[in-house]
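Below is one structure; the comments refer to it alone.
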Amino acid sequence: MSTLTTDQFTDTRLYFRQHFEQYALHLPGNTDQQLHQLRKTAMDRLDSLSFPTRRDEEWKYTSVTRLLQPHYADGQSEVSNDPHGSEDFAFPDEIRVPIINGIPHIPENLPEGLSIFRIDEAYRTEKFRDTINHWMKIWTTEETDPFIVLNAALARGGVCVHVSKKAVINQPVHMACINVSGASPIAVHPQLFVIAEPHSELTLIESYQAEKDESLPAAFYNVVNRLHLDQNARIRHIKLQDGHDEAFHINNTRAEQARDSVYSHYAAEIGSRLVRNNLHAIHQGEGIHTDLYGACLVSGKQHVDNHTFIDHALPHCTSNELYKNIISDRGTGVFNGKVIVRQDAQKTNAFQQNSNLLLSDKAVMDSKPQLEIFADDVKCSHGATIGQLDETAVFYLRSRGLSEHAARRLLQVAFLGEVVDHFPSEAVQEAVEKLIGRKMKGENITH
């Protein structure tokens with residue numbers, strides 16, 4: 001990504017700097033000032049970076065011009081009478097952390113072995129300060145993605161989740177990000193750090209929801225997640241996204257995995273005008289396993305771009321990746337999945353598949369699965385398919401008494417069902433199926 005001091009988004013950066021300076025006026029305490037200094041360094045670094053254009057290889061299929069046009073308010077003045085949000089994203093026995101316009105509401109009475117803090121509180125704790133400093137300093141000195149740097153500067157109340165050694169947390173921890181809009185467009189910058197100590201286990205749900213109202217102004221979610229899995233730690237990470245029609249969603253998630261750890265990521269992308277997910281899994285030991293699953297339903301003028309990266313750096317590691325998209329109307333989908341197997345990563349087993357259904361002549365899908373292999377004793381495969389519904393299958397179902405509409409809908413649900421069936425609980429599967437069914441019904445996605 002180019003580094004320029006002036007570009008077409010100069011006014012946008014100046015506007016975000018005004019937000020930052022207003023925030024700085026209300027900072028209390030020396031420790032908060034230390035964290036603020038890191039954020040100030042990030043804000044200064046943003047001035048040397050250019051937001052991506054379609055001339056940048058990693059963004060050639062996705063334009064952020066529309067995203068950066070509104071003059072966003074920071075969303076902090078909006079008040080929610082109900083910080084719990086829709087029942088669509090409510091799960092049995094969950095530990096719910098409502099995040100209203102980027103501000104978390106930390107629950108009490110947590111189970112043994114689980115701690116949840118705001119980032120500023122975690123930073124005051126010696127146990128977590130070094131980890132936060134490590135990630136923040138990378139963002140403020142080395143990071144070239146301006147959205148990550150912007151998040152580092154403007155995150156107001158990020159969350160730190162810590163799971164103690166050998167702790168198995170049976171209740172899912174649900175980060176429920178809820179957009180409460182006012183009269184102006186808003187921008188929020190959720191930030192999440194997860195530290196899973198050796199032999200620990202956690203299910204993490206990350207959800208994004210908003211009212212379905214065509215009159216709502218634009219909303220910009222700029223999300224950064226960092227997860228560290230220590231030896232033999234296991235994290236099941238579920239992302240559910242159903243933003244309104246003028247929402248823009250940028251999500252940067254990086255999982256760093258130590259020896260014998262397991263990281264499984266499950267994504268359901270249903271709403272928002274523009275979605276860009278950068279999902280990285282970095283292997284830092286042997287015996288690691290990574291699962292990445294994505295189900296995307298794209299319609300209208302939606303644009304959903306999934307960029308994934310799995311770095312096999314050491315021997316005896318495995319990964320499995322499956323993304324499926326259904327695209328109708330003028331929707332656009334992008335899949336760019338890269339798996340790299342480095343020279344020392346012998347005995348690697350990696351699988352990657354991207355399958356897509358196009359339901360209209362104007363729907364677009366750009367698929368680019370990639371394997372880079374520098375080791376010789378590996379088992380790796382990848383593939384991509386882009387097509388339409390099997391008319392023979394439609395005819396078969398109609399011959400069994402289904403209407404054409406019902407037959408096509410059933411085949412589409414089954415197509416995404418191969419991904420949804422991997423989601424780790426029946427409650428989550430039912431929630432995703434409900435969202436898919438409602439969108440198909442509401443927008444008549446059965447072409």
Side-chain angles (χ1 to χ4, degrees), residues 58 130-131 134-135 138 142-145 162-168 193-204 225-239 252-267 277-294 306-323 335-355 367-384 418-419 422-424:
E58 293 300 307
D130 288 345
T131 299
H134 167 71
W135 279 324
I138 290 175
E142 302 175 19
E143 184 57 61
T144 59
D145 186 323
H162 174 255
V163 188
S164 301
K165 184 177 182 179
K166 296 184 179 181
V168 176
F193 295 155
V194 180
I195 303 168
E197 292 195 0
H199 307 279
S200 64
E201 189 170 337
L202 175 70
T203 297
L204 176 70
N225 300 321
R226 288 296 179 266
L227 303 96
H228 176 75
L229 289 77
D230 216 323
Q231 181 178 349
N232 204 39
R234 295 172 179 265
I235 291 181
R236 293 172 291 274
H237 184 183
I238 302 156
K239 183 197 175 195
N252 280 282
T253 294
R254 178 184 173 103
E256 299 175 352
Q257 297 183 246
R259 182 184 181 96
D260 297 322
S261 63
V262 178
Y263 176 68
S264 300
H265 188 275
Y266 312 85
N277 293 311
N278 296 319
L279 175 58
H280 294 181
I282 310 301
H283 291 189
Q284 299 176 335
E286 297 186 19
I288 291 169
H289 181 73
T290 302
D291 287 316
L292 306 181
Y293 295 103
N306 286 295
H307 269 57
T308 67
F309 175 56
I310 302 177
D311 188 349
H312 287 271
L314 292 164
H316 303 287
C317 295
T318 58
S319 65
N320 184 58
E321 184 172 5
L322 175 63
Y323 272 73
F335 175 79
N336 190 324
K338 183 175 182 179
V339 177
I340 185 168
V341 182
R342 302 190 184 275
Q343 186 173 0
D344 293 335
Q346 304 294 343
K347 304 295 183 182
T348 289
N349 189 338
F351 170 79
Q352 180 189 79
Q353 177 66 35
N354 172 229
S355 299
S367 182
K368 187 181 178 183
Q370 302 176 72
L371 283 177
E372 292 188 14
I373 302 174
F374 300 97
D376 53 16
D377 187 6
V378 301
K379 183 179 179 181
C380 300
S381 63
H382 67 164
E418 184 183 356
V419 174
H422 286 285
F423 281 54

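Here the structure is a predicted model, which means the values were calculated and not measured.
With sequence neighbours left out, the ring pair (Phe, Tyr, Trp, His ring centres under 6.0 Å) criterion links Phe309 to His280. For Asp230, the side chain to side chain contact (heavy atoms under 4.5 Å, CB included) partners at least two apart in sequence or on another chain are Pro198, His228, Ala258. For Gln353, the side chain to side chain contact (heavy atoms under 4.5 Å, CB included) criterion is met by Leu322, Phe351, Ser355, Thr385, not counting sequence neighbours. Legend: residues meeting side chain to side chain contact (heavy atoms under 4.5 Å, CB included) with His134, ordered by chain and number and at least two apart, are Ile138. Applying the side-chain hydrogen bond (donor to acceptor under 3.5 Å, both in side chains) test to Ser264 and every residue at least two apart in sequence or in another chain returns Asp291. For His199, the side chain to side chain contact (heavy atoms under 4.5 Å, CB included) partners are Lys166, Asn232, not counting sequence neighbours. Among residues two or more places apart in sequence or in another chain, the salt bridge (Lys or Arg N to Asp or Glu O under 4.0 Å) test is passed with Glu143 by none. Residues passing the side-chain hydrogen bond (donor to acceptor under 3.5 Å, both in side chains) test with Lys239, sequence neighbours excluded: His249, Glu269, Asn277. Judged as a side-chain hydrogen bond (donor to acceptor under 3.5 Å, both in side chains), and not counting sequence neighbours, Glu286 has no contacts. The salt bridge (Lys or Arg N to Asp or Glu O under 4.0 Å) test applied to Arg234 returns no partner, not counting sequence neighbours. With sequence neighbours excluded, the residues forming a side-chain hydrogen bond (donor to acceptor under 3.5 Å, both in side chains) with Arg254 are Glu256, listed by chain and number.
Annotation: the span from Ile373 atom CD1 to Arg342 atom CZ amounts to 13.0 Å, rounded to 0.5 Å. How far CZ of Arg236 is from NE2 of His422: 15.5 Å, rounded to the nearest 0.5 Å. Residue Ile310 holds its CD1 atom at 11.0 Å from OG1 of Thr348, rounded to the nearest 0.5 Å. The structure places NE2 of His289 at 12.5 Å from OH of Tyr263, a figure rounded to the nearest 0.5 Å. Distance CD/Glu372 to CD1/Ile340: 5.0 Å, rounded to 0.5 Å. Separation of atoms NE2 (His237) and CG (Leu229) is listed at 11.0 Å; rounding is to 0.5 Å.
For the pair Thr131/Phe193, no side-chain contact is recorded, criterion being any heavy-atom separation below 4.5 Å from C-beta on. Using a 4.5 Å cut-off on side-chain heavy atoms (C-beta onward), Gln352 and Gln370 make no contact. Contact check for Asn306 versus Leu279: no side-chain heavy atoms found under the 4.5 Å cut-off. The shortest side-chain heavy-atom distance between Asp311 and His283 does not fall under the 4.5 Å cut-off. For the pair Val163/Ile235, no side-chain contact is recorded, criterion being any heavy-atom separation below 4.5 Å from C-beta on. Counting heavy atoms from C-beta on, the side chains of Ile288 and Thr290 come closer than 4.5 Å. The closest side-chain heavy-atom distance from Thr203 to Ile238 is below 4.5 Å.
Side-chain atoms of Asn354 come within 3.5 Å of backbone N or O of Tyr323 as a donor-acceptor pair.
Heavy atoms only, all atoms of each residue included: Phe423 and Ala267 are closest at CZ-O, 3.6 Å. Contact record, Gly337 with Thr308: CA-OG1, 3.2 Å, taken as the closest heavy-atom pair. Nearest heavy atom pair, residue Cys317 against residue His312, reads CB-ND1, 3.7 Å. For the pair Glu197 and Ser200, the tightest heavy-atom approach, listed with the atom from each and the gap, is O-OG, 2.6 Å.
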Run the side-chain donor-acceptor check on residues 374-382: report pairs under 3.5 Å with partners two or more places apart or on a different chain.
residue	atom	partner	partner atom	Å
Asp377	OD2	Lys347	NZ	2.8

(request) Start with the C-alpha distance between Asn225 and Thr253, add both sets of side-chain angles, then the distance that settles side chain to side chain donor-acceptor pair (under 3.5 Å), and finish with yes or no. (result) CA-CA 5 Å; Asn225 300 321; Thr253 294; 3.0 Å; yes

